[in-house]
Every structure is written in C-alpha cells, then in structure tokens.
Amino acid sequence: MKKFGLIFLCFLTNSFVMAQFTRVRGTIYDSETKEVIPYANVVFKTSNIGTVSDDYGVFSIETKKPGDSLTIVMVGYFSQTVPIKKNVY
C-alpha cells in the first residue's frame, strides 16, 4: 500500500434544498503525482449509493437523500472521506 499522498478530489456540487437532491461530479487525482485515478469507488457516506470513476478519473453521483460527504476507495491508496461543499457550481 502506498504510504505517500492522499487522494485529492476536485468536485462540483449542486444541492437543491427543496427537493433534497444532491449531485456531485468531479475528477479524482493523486495528491502527489497529480495523475488521475481511474476506477476508484465513490460512495455517499450516509448511504449505500455509489459509483466508479472512469478511465480519466471522472465520476458523477446523485441521490435524493441529502449527503454531506463522499468516501473514496482505491486499491493501493488509503480511503478518504471528503466533505461536500453546498451550492458550488
């Protein structure tokens, strides 16, 4: 397991309070090498809803339940939980 670096996540979020809808899109990078991390698992921390990043580290995930953070897991890296910033476009 790599001991260096944490997974760095750049993301955009849309959160509509009235509908309790959360959508997160972004790209997963290695914080040290700045290389994208393909096929990483991305899951809302408070539910079992998840997705996998594509060949370019890009992912999109949404839920009708309010979400406050994402957990990112990839073989060879430590898992990381990242807070979701509300109303960032």
Side-chain angles (χ1 to χ4, degrees):
M1 179 169 296
K2 295 181 183 180
K3 289 193 176 194
F4 64 88
L6 297 173
I7 297 173
F8 179 72
L9 175 67
C10 294
F11 58 88
L12 301 173
T13 64
N14 292 328
S15 179
F16 301 99
V17 177
M18 296 295 284
Q20 295 296 320
F21 181 78
T22 303
R23 177 184 304 142
V24 182
R25 296 178 301 211
T27 305
I28 302 174
Y29 296 92
D30 183 295
S31 65
E32 289 191 4
T33 66
K34 307 300 184 220
E35 293 180 4
V36 296
I37 300 177
Y39 313 115
N41 294 305
V42 181
V43 181
F44 282 108
K45 184 177 179 182
T46 57
S47 73
N48 60 353
I49 298 170
T51 190
V52 177
S53 63
D54 66 10
D55 294 341
Y56 306 102
V58 176
F59 72 92
S60 179
I61 186 172
E62 58 186 55
T63 181
K64 291 182 181 179
K65 298 178 183 178
D68 63 351
S69 60
L70 294 174
T71 299
I72 299 99
V73 180
M74 179 64 185
V75 174
Y77 289 87
F78 292 105
S79 64
Q80 182 174 357
T81 300
V82 179
I84 297 173
K85 297 178 183 177
K86 305 291 183 193
N87 298 320
V88 176
Y89 300 98

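The structure presented is a predicted model; accordingly, all values stated were derived computationally and were not measured.
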Please tabulate, one pair per line, all N/O donor-acceptor pairs under 3.5 Å involving side-chain atoms of residues 36-48, not counting sequence neighbours.
unit_1, atom_1, unit_2, atom_2, d
Tyr39, OH, Asp55, OD1, 2.0
Ser47, OG, Ile49, N, 3.2

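- Partners of Thr51 under the side chain to side chain donor-acceptor pair (under 3.5 Å) rule, at least two apart in sequence or in another chain, do not exist in this structure.
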Margin query: side chain to side chain contact (heavy atoms under 4.5 Å, CB included) for Ile72 and Phe59? Distances and angles first, verdict last.
Written below: CA-CA 11 Å; Ile72 299 99; Phe59 72 92; over 6 Å; no
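- Evaluation of the side chain to side chain donor-acceptor pair (under 3.5 Å) rule for Ser69 yields no partner, not counting sequence neighbours.
- Annotation for Val75: hydrophobic cluster partners, listed by chain and number, are none (ILVMFWY side-chain heavy atoms under 4.5 Å, direct or chained).
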